[in-house]
Amino acid sequence: MIVGRKNAGKASPFLLILISVGCFFATYNFLTMVGHSRSGDGPRKLLGGGDQGGAVAFGSGSDPSKRFHVALTATDALYSQWQSRIMYYWYKQMRVRPGSDMGGFTRILHSGKPDGLMDEIPTLVVDPLPEGADRGYIVLNRPWAFVQWLQKANIKEDYILMAEPDHIFVKPLPNLAHGEEPAAFPFFYIKPTDNEKILRKFFPEEKGPVSNIDPIGNSPVIIQKAQLEKIAPTWMNVSLKMKEDVETDKAFGWVLEMYAYAVASALHGVHHSLQKDFMIQPPWDAKSDNTFIIHYTYGCDYSLKGELTYGKIGEWRFDKRSYLRSPPPRNLSLPPPGVPESVATLVKMVNEATANIVGWDDEI
């Protein structure tokens, strides 16, 4: 067991030992987070804060006190890279439009070494978990990446948006948080009250009912930086503890880290405002006009008649998993008539991004 309930907010001794051996550092508080430019002119810190080499432009009327830093965790796998490029393209488009509270941007690269996008996207290189610590569940690196970033990065904004590579901003995003009440998207499959027996291993009765745990993941979330600095180490340790527990690992599977963030937040007494219009997930959500983010985590498979064939490869399809080893080509075919507007908008936005990103077809 990595950490007891009383120590949930402190870094796990077991993890620190692993890090000292596997990453050649004595303690995670002194990890060096340095990126390297592709020009080969030696190491440099890349601490986000907007476009490299220029000032950050903001939407007209943006209140500096409400601006949030956009942070996404990513790997150096090509699959993650092409999604990050599209995501960053649309961030730049929406950041400058009226109604936006979007501030700087950082891709937190938890592969431990620079990649070919260092000069294109503001990036901070952090260390992955020691080899074997994620037990094949790469998402477990996300909370650890945020712990490192928060310790070392010069984040000018008071709020942070935790985002993911497969997010596309469809319109300017305002700060949906209200002071110490963060904003989060509610996921229908995160069900704390249905999993009380398991969650009591990590959320003791003295902390209140399990219903105090919000039905959310860590992304998308807009939260005060000061709050996330407290939550992140707990989130990291709860994630590791859940993964270590066989029953919990089996029950939560690929959403384990999402449950861990929800639990960690509740342990700190932080409750989120649930914003259903924060994000949509095609093909299940048909319209994009009342949302801010498209999350293209699900495959979109249709017949040429516009009928959904989910679970079966369609005559027309868009699925990010079709591009594990190479990015999607420019000018993808649009869906047939009858397909939901959200799916058509997704493909059009991917096409626009790839048409305008310099060197899209180049090897990274």
Side-chain angles (χ1 to χ4, degrees), residues 35 46-74 81-109 117-124 149 153-178 182-183 185 219-225 228 275 277-280 287-296 330 341-342 344-360:
L46 295 174
L47 299 181
D51 294 334
Q52 298 173 34
V56 180
F58 303 105
S60 60
S62 176
D63 182 350
S65 68
K66 292 184 178 180
R67 288 177 191 155
F68 53 85
H69 196 97
V70 179
L72 74 154
T73 55
Q81 289 176 326
W82 69 255
Q83 293 174 50
S84 298
R85 298 179 82 186
I86 292 174
M87 195 272 197
Y88 183 57
Y89 172 85
W90 283 109
Y91 154 79
K92 290 189 294 181
Q93 300 302 307
M94 299 300 171
R95 179 189 65 194
V96 298
R97 298 184 185 181
S100 167
D101 287 321
M102 302 162 84
F105 185 102
T106 302
R107 180 182 63 134
I108 309 172
L109 183 63
L117 296 180
M118 303 299 291
D119 292 335
E120 180 176 327
I121 305 176
T123 296
L124 180 65
W149 177 62
N154 179 22
I155 308 164
K156 297 178 181 179
E157 298 84 357
D158 290 331
Y159 291 85
I160 291 167
L161 164 66
M162 292 188 283
E164 297 181 21
D166 59 353
H167 287 176
I168 289 179
F169 295 107
V170 295
K171 63 182 179 182
L173 179 60
N175 188 341
L176 302 176
H178 299 283
F185 177 79
S219 176
V221 166
I222 299 177
I223 187 171
Q224 286 186 340
K225 177 174 60 179
L228 188 57
Q275 304 281 337
D277 61 350
F278 207 153
M279 183 175 78
I280 62 167
K287 297 285 187 178
S288 66
D289 52 349
N290 290 319
T291 194
F292 297 99
I293 295 172
I294 289 179
H295 182 209
Y296 54 101
R330 285 174 164 151
E341 173 271 326
S342 63
T345 297
L346 166 61
V347 177
K348 289 176 182 177
M349 296 187 79
V350 169
N351 281 344
E352 179 176 333
T354 60
N356 287 283
I357 294 174
V358 176
W360 177 258

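- Put simply, the side chain of Ser65 never gets that close to the backbone of Asp63: no donor and acceptor are under 3.5 Å apart.
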N/O donor to acceptor pairs below 3.5 angstrom from side-chain atoms of residues 346-353, sequence neighbours left out:
| residue | atom | partner | partner atom | Å |
| --- | --- | --- | --- | --- |
| Asn351 | OD1 | Leu332 | N | 2.7 |
| Asn351 | ND2 | Leu332 | O | 3.0 |
| Glu352 | OE2 | Tyr89 | OH | 3.2 |

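- Note that CD1 of Ile222 and CG of Leu176 are 4.5 Å apart. Values are rounded to the nearest 0.5 Å.
- Phe185 meets the ring pair (Phe, Tyr, Trp, His ring centres under 6.0 Å) test with Phe187; sequence neighbours excluded.
- Taking the six-membered ring for Trp and thresholds of 30 and 60 degrees, His295 and His167 have ring planes more than 60 degrees apart, a perpendicular arrangement.
- Put simply, the side chain of Gln93 does not reach to within 4.5 Å of the side chain of Phe169, judged on heavy atoms.
- Put simply, the residue from Tyr88, Trp90, Phe68 that forms a ring pair (Phe, Tyr, Trp, His ring centres under 6.0 Å) with Phe105 is Tyr88.
- Within the 4.5 Å cutoff, no side-chain heavy atoms of Arg95 are placed close to those of Val70.
- When all heavy atoms of Arg85 and Val358 are compared, the pair lying nearest together is NH2-O, 3.1 Å.
- The distance from the CG atom of Asn290 to the CD1 atom of Ile280 is 9.5 Å, given to the nearest 0.5 Å.
- Atoms CD1 and CG, from Ile155 and Leu124 in turn, are 9.0 Å apart once rounded to the nearest 0.5 Å.
- Listed for the Glu157 side chain is a donor-acceptor partner under 3.5 Å among the backbone atoms of Gly104.
- Side-chain contact between Met94 and Phe292: absent, with no pair of heavy atoms (C-beta onward) separated by less than 4.5 Å.
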Verdict with reasoning, Phe278 to Val221, per side-chain contact (heavy atoms from CB on, under 4.5 Å) | CA-CA 9 Å; Phe278 207 153; Val221 166; 5.8 Å; no
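- Taking all atoms of both residues into account, the shortest heavy-atom contact from Ala74 to Pro165 is CB-CG, 4.3 Å.
- Not a single donor-acceptor pair under 3.5 Å links the side chain of Ser100 to the backbone N or O of Pro172.
- Not a single donor-acceptor pair under 3.5 Å links the side chain of Ser342 to the backbone N or O of Ser288.
- A donor-acceptor pair is defined here as one N or O able to donate and one able to accept, closer than 3.5 Å; no such pair exists between the side chain of Asn175 and the backbone of Asp101.
- Expressed to the nearest 0.5 Å, how far CE of Met87 lies from CD of Glu164 amounts to 9.0 Å.
- For the pair Val96 and Lys92, the tightest heavy-atom approach, listed with the atom from each and the gap, is CG2-O, 4.0 Å.
- Atom CD1 of residue Ile168 and atom CD of residue Gln83 lie 9.5 Å apart, to the nearest 0.5 angstrom.
- Environment of NZ in Lys225: crowded, with over 12 heavy atoms of neighbouring residues, nucleotides or ligands closer than 6.0 Å.
- Ring-plane geometry between His69 and Trp149 is classed as tilted, the angle between the planes lying from 30 to 60 degrees on a 0 to 90 degree scale.
- A donor-acceptor pair is defined here as one N or O able to donate and one able to accept, closer than 3.5 Å; no such pair exists between the side chain of Arg107 and the backbone of Thr123.
- The CG atom of Asp166 sits 10.5 Å away from the CD1 atom of Ile293 when rounded to the nearest 0.5 Å.
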